[in-house]
Number of protein chains: 2
Amino acid sequence: MPVPEAASVPAADAPSAAVVPAARAAIGDSEFDRDTRLTPREPGVYGIDLSAGWTIVNAVNGGYLLAVLGRALADALPHPDPFTVSAHYLTASRPGPAVVRTETVRTGRTLSTGQASLLQYDEHGEEVERIRVLASYGDLDGLPDDIRTTALPPRIPPLEQCLGPQPLPGARPQDGARPQADARPPSDVRPPSGGSGPMPGSSALTARLRIRLDPATVGWALGAPSGKGEMRAWFDLADGRDHDPLSLLLAVDALPPTAFELGLTGWVPTVELTVHVRSRPAPGPLRVSVTTRNLAGGFLEEDAEVWDSADRLVAQSRQLARVRLG
Amino acid sequence: MPVPEAASVPAADAPSAAVVPAARAAIGDSEFDRDTRLTPREPGVYGIDLSAGWTIVNAVNGGYLLAVLGRALADALPHPDPFTVSAHYLTASRPGPAVVRTETVRTGRTLSTGQASLLQYDEHGEEVERIRVLASYGDLDGLPDDIRTTALPPRIPPLEQCLGPQPLPGARPQDGARPQADARPPSDVRPPSGGSGPMPGSSALTARLRIRLDPATVGWALGAPSGKGEMRAWFDLADGRDHDPLSLLLAVDALPPTAFELGLTGWVPTVELTVHVRSRPAPGPLRVSVTTRNLAGGFLEEDAEVWDSADRLVAQSRQLARVRLG
């Protein structure tokens, strides 16, 4: 459960003071930090108990796992920040004990490159590899300020007009954001005009995140998918912790799959996901935009952009995922 | 030198019969195939002599290297085709002897995952790692036909209106397509209206490829970059070999950098490149479109799409590259 210990000043850049909880968890002392904390076992090897708090149905969220691996590499490599992380997902992770093994591949002046594997144990106690990543790390604070970005932030309505499973701050969070595999929307889903109506399905992850979907991308929850491969949302951690490069690894794989808006209802497991962290995020909520342009042959790509409250494109990701066509 | 040994029937889908050479090299028996051929040393380990024919100035082209690694994994893994390949570039490769070491990470029914490293030798004979990749392989011919792609092919003028260093088929290829690092366009570059005018710089790679740039993206060669991070071209191998998944790995990293159209003239080394191969390409020329939207902090991304002659989006890639701002 969230135990905010540090009240923080609302960010000047936050779009609305109404969205900032009264007390916010601090970076380093939040649910997310506690649940990605690693126990060093030997140089480059870490133990962790994967939290059941970051699951969707039975599976541990891929973005949370990426953050766990990202934290291990931040410890093992001489540079602090993930610049580019490429993850290949091998088998589904479950809550419980896991080990992360890292290898330093190359150490350079500006960048260092490492590899990491997340492993769990089968019924015979044998190690089973869940995910393997290659990553290049650097120091975001050492980059020049020059920006020539032509990308524009996604057009998402103000946070209070977007839709999430939780009521707005002040009330307790409740379950029910991300639909189960093959779940059908229940009949009591409120239409987008109803404000902060519940979304179908149930998963523990919902309680850890504050996702507010653009009403234009929630047709799937109402039985009327738009047919466009788009998903957009405001994204925050439920305990109000501000963002850092590690929580950006979570943000790129936390929205409902774009496949839902394409009219597909099945599970969309990630095969590979690569994320580029381009800037340290400013305090305040993130906007995440995910787009799919090529659904073919039982696979699709999901391109995510993450924008911070200062209108900077702080992360870009692309994943290849499997989908059941029907 | 190209020695086409098999005359092949021009593809029905090729946009213009005029662009198809009279004799074309066959897949498996072409410059590209010969220069990516591996010598098995022990299970999963291969030797290769990196050809000087695929260099830009002194550096071996990253797409050619990716194809070498891709061929090694195609041999080592139980599945034949690269579905997603993530490469982290560690040090610059040079023409000459190299070794590829592969590891089978996981074997599944539909996908298998492997890792590969390309290594060369320093002046003391010690191994130096050049590139490390993680890749998931499958069987493109086993995928369902369902396509729901919303992406549209890039608008590129007909091939004969595009610009390349070589004259149109029938004459011998000549040097001089890709500019050197920091090279300035020579004064004899013909304007876009001049048709197939030469491009500045010199590199061996030029003789192996037939790249015809969209006139809208060659401002950089005339001292008038557009300011847009876009590069588009028709792409083929000089000896007329048709494309397969391995040559798609080459295609995604063979155009001049988008940074040139952003007014930058320096070298743009790849840090990481991930490519998704989504379909086996039809015979005939490819169209490649590369876009940069986020140039910031000394890095940029390049998103490439590769379309085949049947208007299918056959590959998507994204790379993170370093750039000197100033």
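Any value given below was found using the heavy atoms of this structure, including those in side chains, with hydrogens, waters and symmetry copies removed.
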- Item | Electrostatic pair A:Glu301:B:Arg318 at N-O distance under 4.0 angstrom | no

- Item | Crowding at CG, A:Asp141 (>12 non-hydrogen neighbours, <6.0 Å) | yes

- Message: So which residue, A:Val271, A:Asp303, A:Leu90, ends up with the most heavy-atom pairs under 4.5 Å with chain B?
- Response: A:Leu90

- Note on the structure: So, the part of A:Arg106 with a heavy atom under 4.5 Å from chain B: the answer is side chain

- Out of curiosity, B:Leu295 CG to A:Ile147 CD1, how far, rounded to the nearest 0.5 Å? 9.5 Å

- Message: Just so I understand: if I count every heavy-atom pair under 4.5 Å between each of B:Thr91, B:Val105, B:Asp145 and chain A, which residue has the most?
- Response: B:Val105

- Message: I need the B:Gln115 CD to A:Leu134 CG distance, nearest 0.5 Å.
- Response: 6.0 Å

- Message: Less than 4.5 Å to any heavy atom of chain A: does that hold for the side chain of B:Leu111, its backbone, both, or neither?
- Response: side chain

- Picking from B:Leu152, B:Thr110, B:Leu140, which has the most non-hydrogen pairs under 4.5 angstrom with chain A? B:Thr110

- If every non-hydrogen atom of A:Ser86 is compared with every non-hydrogen atom of B:His88, which pair is closest and at what distance? OG-NE2, 3.0 Å

- Task: May I ask you to test the A:Thr113-B:Arg132 pair for a side-chain heavy-atom distance under 4.5 Å?
- Result: no

- Engaged part of A:Glu129 at the chain B interface, taking heavy atoms whose separation is under 4.5 Å: side chain

- Leading residue by heavy atom contact count with chain A [cutoff under 4.5 Å; candidates B:Lys228, B:Arg322, B:Arg312]: B:Arg322

- Query: Which bit of A:Thr84 comes within less than 4.5 Å of chain B, counting heavy atoms only: side chain, backbone, both or neither?
  - Reply: both

- Where on A:Ser317 is there a heavy atom nearer than 4.5 Å to chain B: the side chain, the backbone, both, or neither? backbone

- Note on the structure: Per-residue tally against chain B (heavy atom, under 4.5 Å) across A:Ser117, A:Gly298, A:Ala135 peaks at A:Ala135

- With sequence neighbours excluded, tell me which residues meet side chain to side chain contact (heavy atoms under 4.5 Å, CB included) with B:Glu126. B:Asp122, B:His124

- B:Thr149 to A:Asn294 - nearest heavy-atom pair and separation: OG1-OD1, 2.5 Å

- For chain B, find its close neighbours in residues 273-281 of chain A: heavy-atom separation under 4.5 Å, sorted by number, or none. A:Thr274, A:His276, A:Arg278

- Task: Kindly give the heavy-atom pair with the smallest separation between A:Leu143 and B:Phe299, and that separation in Å.
- Result: CD2-CE1, 3.7 Å

